[in-house]
Amino acid sequence: MIGIDIIKTARMERLMERFGEKGLKKFLCDEEVALVKSSKTAAGFWATKEAFSKAIGTGIGAECSFKDIKIYKTDKGAPKLALSNSLVERFDILNAALSITHDGEYAISVVTVECNSPTTDKVKQF
């Protein structure tokens, strides 16, 4: 399964100017907030969480909250996903991968999710 999301970085910049760290904590945990160096980084994290929720077919809500998805970085700075136990079990997730990019005023994230039993219907045949 695959999900994609795009966000204008100015939107995140306004959130950070208005609410500061408190605004970031609405969708990020403390470890993620510590990784945020700019509104571009925060926007990329937002897009990643939205893209993940789209990949599993739920969107952000009761079945998948922002706090069920955690972004961390490898020693080389590559972003990776950690998922809550309940999310992994509910959707039988085996693996997830992501890519975040920034271009001008936008942050874009693509997430792929591999499940043992996909949550989406099989392809229709005709």
Side-chain angles (χ1 to χ4, degrees):
M1 298 178 293
I2 188 166
I4 187 168
D5 194 67
I6 184 170
I7 180 174
K8 210 168 192 178
T9 55
R11 179 177 163 204
M12 194 56 58
E13 190 172 333
R14 286 190 304 274
L15 178 137
M16 292 172 70
E17 286 173 356
R18 186 167 180 198
F19 300 106
E21 192 172 293
K22 185 177 179 181
L24 293 175
K25 287 186 175 185
K26 292 286 186 183
F27 70 99
L28 299 174
C29 69
D30 290 339
E31 294 88 352
E32 292 169 312
V33 171
L35 294 174
V36 173
K37 305 297 182 218
S38 69
S39 58
K40 285 186 175 188
T41 305
F45 285 11
W46 176 280
T48 296
K49 292 185 179 206
E50 288 284 350
F52 177 87
S53 71
K54 291 173 183 177
I56 62 169
T58 65
I60 295 294
E63 291 183 86
C64 176
S65 76
F66 283 121
K67 300 298 175 102
D68 281 320
I69 308 158
K70 182 177 175 183
I71 300 161
Y72 67 96
K73 292 195 175 186
T74 66
D75 293 339
K76 294 184 179 183
K80 295 286 187 179
L81 289 172
L83 306 171
S84 69
N85 287 334
S86 62
L87 198 62
V88 170
E89 290 174 8
R90 186 178 314 123
F91 294 95
D92 205 5
I93 298 170
L94 300 174
N95 198 9
L98 75 131
S99 180
I100 303 172
T101 191
H102 301 86
D103 188 13
E105 300 177 35
Y106 297 94
I108 303 163
S109 183
V110 175
V111 174
T112 60
V113 178
E114 179 184 0
C115 297
N116 197 26
S117 55
T119 59
T120 56
D121 294 332
K122 292 186 178 190
V123 173
K124 287 186 178 181
Q125 298 179 20
F126 59 94

Novice: Which heavy atom of Val33 sits nearest a heavy atom of Glu21, and at what distance?
Specialist: CG1-CG, 3.6 Å
Novice: Keeping Thr9 on the side-chain end and Glu105 on the backbone end, is there a donor-acceptor pair under 3.5 Å?
Specialist: yes
Novice: Any chance you could measure Lys67, atom NZ, to Leu28, atom CG, to the nearest 0.5 Å?
Specialist: 7.5 Å
Novice: From Cys115 SG over to Arg90 CZ, what is the distance, rounded to the nearest 0.5 angstrom?
Specialist: 12.0 Å
Novice: Apply the side chain to side chain contact (heavy atoms under 4.5 Å, CB included) test between Leu81 and each candidate in Asn95, Thr48, Val113; give the one that qualifies.
Specialist: Thr48
Novice: Hey, what's the ring geometry for Trp46 with Phe66, parallel, tilted or perpendicular (30° and 60° as the breaks)?
Specialist: tilted
Novice: Show the nearest heavy-atom pair for residues Ile56 and Phe91, with the distance to one decimal.
Specialist: CD1-CE1, 3.8 Å
Novice: To the closest 0.5 Å, what do you measure between CD1 (Ile6) and CD1 (Ile108)?
Specialist: 4.0 Å
Novice: If every non-hydrogen atom of Lys49 is compared with every non-hydrogen atom of Ile60, which pair is closest and at what distance?
Specialist: O-CD1, 3.8 Å
Novice: Looking at OG of Ser39 and NZ of Lys8, how far apart are the two atoms once the value is rounded to the nearest 0.5 Å?
Specialist: 13.0 Å
Novice: For a quick test of reading the model, state the closest non-hydrogen atom pair linking Ile69 to Glu32 and the distance between them.
Specialist: O-OE2, 3.6 Å
Novice: Group every Ile, Leu, Val, Met, Phe, Trp and Tyr by side-chain heavy-atom contacts under 4.5 Å, then state whether Tyr106 and Ile7 land in the same group.
Specialist: no
Novice: Evaluate whether atom NZ of Lys80 has more than 12 neighbouring non-hydrogen atoms of other residues, nucleotides or ligands under 6.0 angstrom away.
Specialist: no
Novice: Can you list the residues that meet the salt bridge (Lys or Arg N to Asp or Glu O under 4.0 Å) rule with Asp103, with sequence neighbours excluded?
Specialist: none
Novice: Quick one: does Lys25's side chain get under 4.5 Å of Asp30's, heavy atoms only?
Specialist: yes
Novice: Where is the tightest heavy-atom contact between Leu87 and Glu63, given as atom of each residue plus distance?
Specialist: CD1-O, 3.7 Å
Novice: So, for Ala42 and Met16, which heavy atoms are closest and what is the spacing to 0.1 Å?
Specialist: CB-SD, 4.0 Å
Novice: Output yes when a side-chain donor or acceptor of Lys37 lies under 3.5 Å from a complementary backbone atom of Ala34, and no otherwise.
Specialist: yes
Novice: I need the Lys40 NZ to Glu13 CD distance, nearest 0.5 Å.
Specialist: 10.0 Å
Novice: For the CG atom of Leu24 and the CG atom of Leu35, what is their distance to the nearest 0.5 Å?
Specialist: 11.5 Å
Novice: So does Ser86 get a backbone contact from the side chain of Glu89, meaning a donor-acceptor N/O pair under 3.5 Å?
Specialist: no
Novice: Can you check whether Phe45 reaches Pro79 side chain to side chain, under 4.5 Å on heavy atoms?
Specialist: no
Novice: Following the transitive rule for hydrophobic clusters with a side-chain heavy-atom cut-off under 4.5 Å over Ile, Leu, Val, Met, Phe, Trp and Tyr, establish whether Ile4 and Phe52 coincide in one cluster.
Specialist: no
Novice: Going hydrophobic residue to hydrophobic residue with side-chain gaps under 4.5 angstrom, can you get from Leu98 over to Val110?
Specialist: no
